[in-house]
Amino acid sequence: MSSDLSSPSGAPTFTVRPSAHPRSLAEREQALTDLAFGTVFTDHMVRATWTAENGWHDERVVAYEPISLDPAAAVLHYAQEIFEGLKAYRHADGSVWAFRPDANASRFAASAHRLALPELPAEHFLGSIEALVSTDMEWVPDSSGSSLYLRPFMFASEPFLGVRPSKQVDYLLIASPSGPYFTSGFQPVSIWVAEDYHRAGPGGTGAAKCGGNYAASLLPQQQAAEHGCAQVCFLDAATNTYLEELGGMNVFLVTDDGAVHTPELSGTILEGVTRRSILQLLRDDGREVHERPITLAEIKEQVDSGRITEIFACGTAAVVTPVGHLKGTDFDLTVADGESGAITQWLYQHLTDLQYGRAPDPHGWMRRLA
Ligand SMILES: *Cc1c(COP(=O)(O)O)cnc(C)c1O
């Protein structure tokens, strides 16, 4: 059985081949109980193929299942791969919405460019999300704080050993009903500042969302865990002086005059959709915001003196996460009283209210998927 999903203008048609083994209602309800992050997947996924000869083709929604890959597939050897992460939120009336998916679509295209992958047109990206979410609509959780995490990704699938861009590329989209990212919920976390390792260097891939950046962050992340920290924060590779970001989240700080500061985009920082949205919400609120270079030395001194009153990290997965402690080889600082601050909480509330349809959406950030 096969059907075609109507799609927005300019989007390809996603042929839907329903899974022959969808989970039963009872199995789905079981799977949606006590959700963790990224461990449960829905019944379907999207696939599309690109070849140098034929461009993008064969867009389809198929059963979620293992994929077969030639052992020589270029991605397994040279890591030509990019991904995105966004969420589908169920609103009180049952409708399902994404938060600024157009921003993810354009970032996906920018990442593709940096990794010498073919750009997936925004209409294909958005069309794939609408096709999968409408097919697996019942998998979107309805409890607040939970959502359907969407993971679009693209990789070099041509079988060959040799260093050049792949002439065959696969695009997939999978979806994972998810609860909060940090198992402790909205609790302050401790951050380890890595001084021996960096995630990105000038001219490198730091501004692209690619698996390789994450591979480079795993060892320092492990060291963070050994020091009792939930996340690692990286400094700039060129001078080991400036704060950049966490492995997968941007970072902000608040000073006692109410101003909010975040490292400026320097080419080695990934521009988060959450970061950009937070800057806008703060400006809408009439707050002073500064995108500027921020040194570790300044942070140490100003956390110590009480000038810095809040530090938080942000990203789609964890939304906004307060940072209670900042540790490094020769320091261990408690930010204010170690609890989450007022602006951090306000931002978390404001952003999630918007995403779950509980607050007005003056910028038109929400896009209905189903
Ligand atoms: C994805 C990501 C972020 C956060 O981006 P959002 O669009 O807000 O989810 C921040 N830093 C890195 C390195 C990332 O990969």
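Just so it is clear, the model here is predicted, and its values are computed rather than measured. Atoms within a ligand are numbered from 1 in the order they appear, just like the ligands themselves.
Protein residues are said to neighbour a ligand when one of their heavy atoms lies under 4.0 Å from it; for ligand 1 these are Arg107, Arg199, Lys209, Tyr214, Glu245, Gly247, Gly248, Met249, Asn250, Leu270, Gly272, Val273, Thr274, Gly315, Thr316.
Sorted by first then second residue, the salt bridge (charged side-chain N to carboxylate O under 4.0 Å, His left out) pairs that include residues 167-180, not counting sequence neighbours, are Arg47-Asp170.
Every residue was checked against the side-chain hydrogen bond (donor to acceptor under 3.5 Å, both in side chains) condition with Thr295, not counting sequence neighbours, and none meets it. Glu158 is linked by a salt bridge (charged side-chain N to carboxylate O under 4.0 Å, His left out) to Arg164, counting only residues two or more places apart in sequence or in another chain.
Ring-centre distance between Trp97 and Tyr89: not below the 6.0 Å cut-off.
Atom CG in Leu69 sits 5.5 Å away from atom CD1 in Ile67 (nearest 0.5 Å).
Here the closest heavy-atom approach between residue Phe160 and residue Ser166 is recorded as CE2-CA, 4.1 Å.
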